[in-house]
There are 2 protein chains.
Amino acid sequence: MVETMKILAALETAGYRLTTPRRALAALIASRPGHFTADELVGEARRQRLGVTRATAFRSLEVLTELGLVERLDMPSGEHAFVACDPGGHHHHIVCSSCGRSAEIQDSGIEALAARIARQTGYRLDGHRLELYGLCSTCNAEQYQ
Amino acid sequence: MVETMKILAALETAGYRLTTPRRALAALIASRPGHFTADELVGEARRQRLGVTRATAFRSLEVLTELGLVERLDMPSGEHAFVACDPGGHHHHIVCSSCGRSAEIQDSGIEALAARIARQTGYRLDGHRLELYGLCSTCNAEQYQ
DNA sequence: TTTACTGCAAACATTTTGCAGATGT
DNA sequence: ACATCTGCAAAATGTTTGCAGTAAA
C-alpha cells in the first residue's frame, strides 16, 4: 500500500511544488489497490470533480514515474497501465488480471538468472523487465464459489 | 534466424491466403536481424515499392502474432516493437538496445522461478513476460574500439 | 515576486475500422 | 465463384505541446 503522504513527500523532496492537482492525483493513485490506466485516472478525477486535466494527469504521471513512485506496465492485452510502487529498489510486479490488484516482487533470484543469461548470450545487460499475470488469491477463490 | 518460407508455410497451414502483401511482409520480416516497429516495416515496404499499406501491415502483424511467428515487445522507451520468432514453445527475448538484434531465450529457469513466486504470493499465474535489454557482444565490442 | 505549473485546445502518433473492389484458391 | 484480403480514408485512441494565465514558494 502506498500512502498519499509518501508520494507528496517525495515530490516535495525532489523540488516539485505541491499543487492542488498533484495532491488530488496522489490521493487517487494511493487509493488504487492495483494498476490503472491514464484514462481511468482522469475519469476518476473528473467523476470526483477534482479539476484535473488530462494533460496534467499525463504530466504528473511522467514526474511520478521518474521518481519511481509509479511504474508503467504493459498489459498482455497491449494496453498501458501504471502502478503505484515503492521507489528505490529494483523490483517487479505481479498483477491480477481480474481485479487489477498488484503486488511487488523483490529479487527472488531474477537478478541472478539475468546475469546467467547475459553470460550465456554474451550480452552486456543494462536492464530487464519481468511482469507476471494471473489471478490473485481472492479472485481465484471467487471463481470457485 | 527465421526464414520467409517458414512464415508462409505457417500462414498457409493456418488457412490464410498467401497474398502478395503477405509474401512481401514475410520476406521483410525474415530479413530483419532484430526487432522492428510497425512504422519501420511499413517504411521499408514503401521504400522497396512493395505496395503494402499501413493497414495491411497492421493486419498482417496481428495474424502473425496470433500464430506466434512474431511477438510484440515493449521497449524501455515505451515504444512498441515486434520480433520474428519461432512459434511454439514459450520463450523470452533479449534485445540489443543499440543494433536491435535479438535472441530468443529458452526456459533458463524462469518457469520455476515464476512458479515459486506464484506459490509465495498466492496468485494463480496464467502468463508472464520477461524482456532483457542490453548490448549484444558485437555492439559491446565496438564501443571499446 | 518569481518561476513552476495548469488549463485549454490543437497537434501528433499510433492503431483500428467500414466499405467497395481486387485477388487467391 | 466465392470468401478472404486489400486499399483508401476516416475514425478512434493515446499522448504531447505551445502558450497565456494561475498559483505555489
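These numbers come from a predicted model, not from an experiment. Below, each value reflects all heavy atoms present in this structure, side chains not excepted, and no hydrogens, waters or symmetry copies. Per chain, numbering begins at 1; letters A, B, ... match sequence-line order.
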- Query: Quick one: CG on L61(B) to CG on L41(B), what's the gap to the nearest 0.5 Å?
  - Reply: 5.5 Å
- Message: For R129(A), give me all partners under salt bridge (Lys or Arg N to Asp or Glu O under 4.0 Å), at least two apart in sequence or on another chain.
- Response: D74(A), E131(A)
- Message: Can you measure D39(A) atom CG to dT14(C) atom P for me and round it to whole angstrom units?
- Response: 19 Å
- Message: Distance check needed: dT25(C) P versus L11(B) CG, whole Å only.
- Response: 11 Å
- Query: Between atom CD in E79(A) and atom P in dT14(C), what is the gap in whole Å?
  - Reply: 19 Å
- Atom-to-atom span, CZ of F36(A) to C1' of dG14(D) - whole angstrom: 16 Å
- Between atom CZ of R23(B) and atom OG1 of T4(B), what is the distance when rounded to the nearest 0.5 Å? 11.0 Å
- Mind telling me whether H90(A) and H128(A) have parallel, tilted or perpendicular rings, with 30° and 60° as the class edges? perpendicular
- Message: Whether R22(B) contacts dT4(D) is assessed here as follows: a side-chain N or O lying under 4.0 Å from the phosphate OP1 or OP2. Is that the case?
- Response: no
- Whole Å only: how far is the CG atom of L61(B) from the P atom of dT6(D)? 12 Å
- Whole-Å distance between dT6(D) C1' and L50(B) CG? 15 Å
- Counting primed atoms, P, OP1 and OP2 as sugar-phosphate and everything else as base, the B/S/- map of nucleotides 16-25 of chain D against protein heavy atoms under 4.0 Å is BBB----BBS
- dT13(D) phosphate, OP1 or OP2, under 4.0 Å from H80(A) side-chain N/O: no
- Would you mind reporting whether M75(A) and V95(A) have side-chain heavy atoms less than 4.5 Å apart? yes
- Item | salt bridge (Lys or Arg N to Asp or Glu O under 4.0 Å) involving R54(B) - partner list, sequence neighbours excluded | D39(B)
